[in-house]
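Take a look at the structure below.
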Amino acid sequence: MPGPFSDVERSIFAAKEALSEDYQPDRILERDDEIEEYRHALEDVLFGRTPQNIMLYGRAGLGKTAVTTYMMDALREEVATRPDADELFVHEVNCNGQTVYSVVRTLVNKLLPETASDFPKRGLSTADVFEELYTQLDRRGGTHLVVFDEIDHLDDVDTLLYELPRARSIGHITDSKVGVIGISNNYTFRQDLSPKVKDTLMEAEISFSPYDAGELRAILADRADRAFVDGVCDESAVARAAAIAAKDRGNARQAIDLLRVGGEVAKKHGDSRVDDDHIIEAQELVQRGRLRNRIRDQTQHAQLLLETLAHLENRDETPARSKTIKTRYVSIADSHIVDPLTTLKSIQNHLSDLHMLGFLRRIDRNRGESGGRYYEYSLDLDPEIVLDIRSEIEAEREP
DNA sequence: GATCCACAGGAAATAGTGGCTT
DNA sequence: AAGCCACTATTTCCTGTGGATC
């Protein structure tokens, strides 16, 4: 008599969205200082003055994007009631994996009238796309706040951040105002900027510090309240997730992931409550998921090199120097019917990248006249997991 | 102390794709 | 069609580097 869905009512989630990555909370917890600074920096907009440029710093998962979305919504509402304020436009652009040209291009496309066709993907110079941006800004008029998320992923940020904040003073635009809001996961980003850019852009800098365990617990308790059926989530689970994340990097996203996966684990086991054992089990799953995404982001050759290193690791042939890695890599590339890279240099480039990303461990060797100087690499991950993930990825692309 | 090995690391050149303007 | 342009991923070329060896 019981059908396949008969025990669905026992589900422990009430509103799982509250634990998803793109959930936007309607109130922001534990970021009062940052919000206050933010508010101050945005005040000019309310009086129709040129907005300040704002930079946000802080690791991933510290609420930079959430606070920004929150602030922009609030600002939009407030502007509507203020007679002095110009019409406000907020544009968000994610810079991950983009170039200056493509970022400005997406901006232009957002400003273009509905009927117009998109700005060309290629074929035009960066100056052209900026020119189009300015005419579109002036056509719209008003105040524009441009949010560049993950701005540190952009190479050649200088051009972008030099051009845009100055557009008005140089006379590229006259009927509109532009403010730049940059979001960076990288603290050293500031040092990479040219001095010219630094002083214009750095009118307001807000840095987000890691959450401590107490703050995380408050955030998690709030989310757990919404996400889980009442009373299902143990306080110990919240405390455990907060503790793990606080010890790692004070990352709220990580903590929330732990809670969500912990809930899934409990559900899979058929348990009616979520406790800290579930969170501990979730920790490994979350870590593995992270690693899979990071590996997936790598180019094919880099992935093949990771696979090569995993094999070498299994045979106890690590640490290995680039030459031996290369010969193994070639045969592995062949087995996947991929054209291998031909030069040693390109292998070394990839190895060096992978080392910088924390996938590989590297030893500096110097045997003087009888061996010279070279590096030896070994895998800084569990080889079995790497091989597993690799075959998962490989299986996805075949069928 | 000069020399030398076998790379490391950076810059520039090359190749290849796609697509614009004139 | 010619001449640019953006962008990516190599390859080629060049200039260190630093301890062992002479």
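Per chain, numbering begins at 1; letters A, B, ... match sequence-line order. Just so it is clear, the model here is predicted, and its values are computed rather than measured.
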Think [X] has a side-chain N or O under 4.0 angstrom from the OP1 or OP2 of [N]?
X	N	value
A:Thr342	C:dT11	yes
A:Lys121	C:dC7	no
A:Tyr374	C:dT17	no
A:His301	C:dT10	yes
A:Thr99	C:dC7	yes
A:Thr126	C:dA6	yes

Is the Lys NZ or Arg CZ of [X] less than 6.0 Å from the centre of [Y]'s six-membered ring, within 45° of the axis?
X	Y	answer
A:Arg321	A:Tyr374	yes
A:Arg31	A:Tyr211	yes
A:Arg294	A:Phe359	yes
A:Lys326	A:Tyr329	no

Could you state the atom-to-atom distance from [atom1] of [X] to [atom2] of [N] in whole Å?
X	N	atom1	atom2	answer
A:Gln348	B:dC7	CD	P	7 Å
A:Leu344	C:dC13	CG	C1'	15 Å
A:Glu376	B:dC7	CD	P	11 Å
A:Arg373	B:dA8	CZ	P	9 Å
A:Asp339	B:dG16	CG	P	13 Å
A:Ile347	C:dA9	CD1	P	15 Å
A:Leu351	B:dC7	CG	C1'	13 Å
A:Met356	B:dG10	CE	P	9 Å

So does A:Ser236 get a backbone contact from the side chain of A:Asp276, meaning a donor-acceptor N/O pair under 3.5 Å?
no
Aromatic plane relationship, A:Tyr57 with A:Phe189 - under 30° parallel, 30 to 60° tilted, over 60° perpendicular
tilted
By nearest nucleotide on DNA chain B, pick out whichever of A:Ser370 and A:Tyr377 is the more 5' one.
A:Ser370
Using heavy-atom distances to pick each residue's nearest nucleotide on DNA chain B, tell me which of A:Asn349 and A:Gly123 is more 5'.
A:Asn349
Report which part of the nucleic acid A:Arg365 touches: base, sugar-phosphate, or nothing (heavy-atom distance under 4.0 Å, all strands).
nothing
Could you tell me whether A:Arg367 contacts a base, only the sugar-phosphate backbone, or nothing, with contacts defined as non-hydrogen atoms closer than 4.0 Å?
sugar-phosphate
Picking from [options], which would you name as closest to the side chain of [X]?
X	options	answer
A:Arg122	C:dG19, B:dG9, B:dT17	B:dT17
A:Glu369	B:dC7, B:dC5, B:dG9	B:dC5
A:Ser125	B:dT21, C:dC5, C:dT10	C:dC5
A:Ser352	B:dG9, B:dA6, C:dT10	B:dG9
A:Arg321	C:dG18, C:dC13, B:dA6	B:dA6

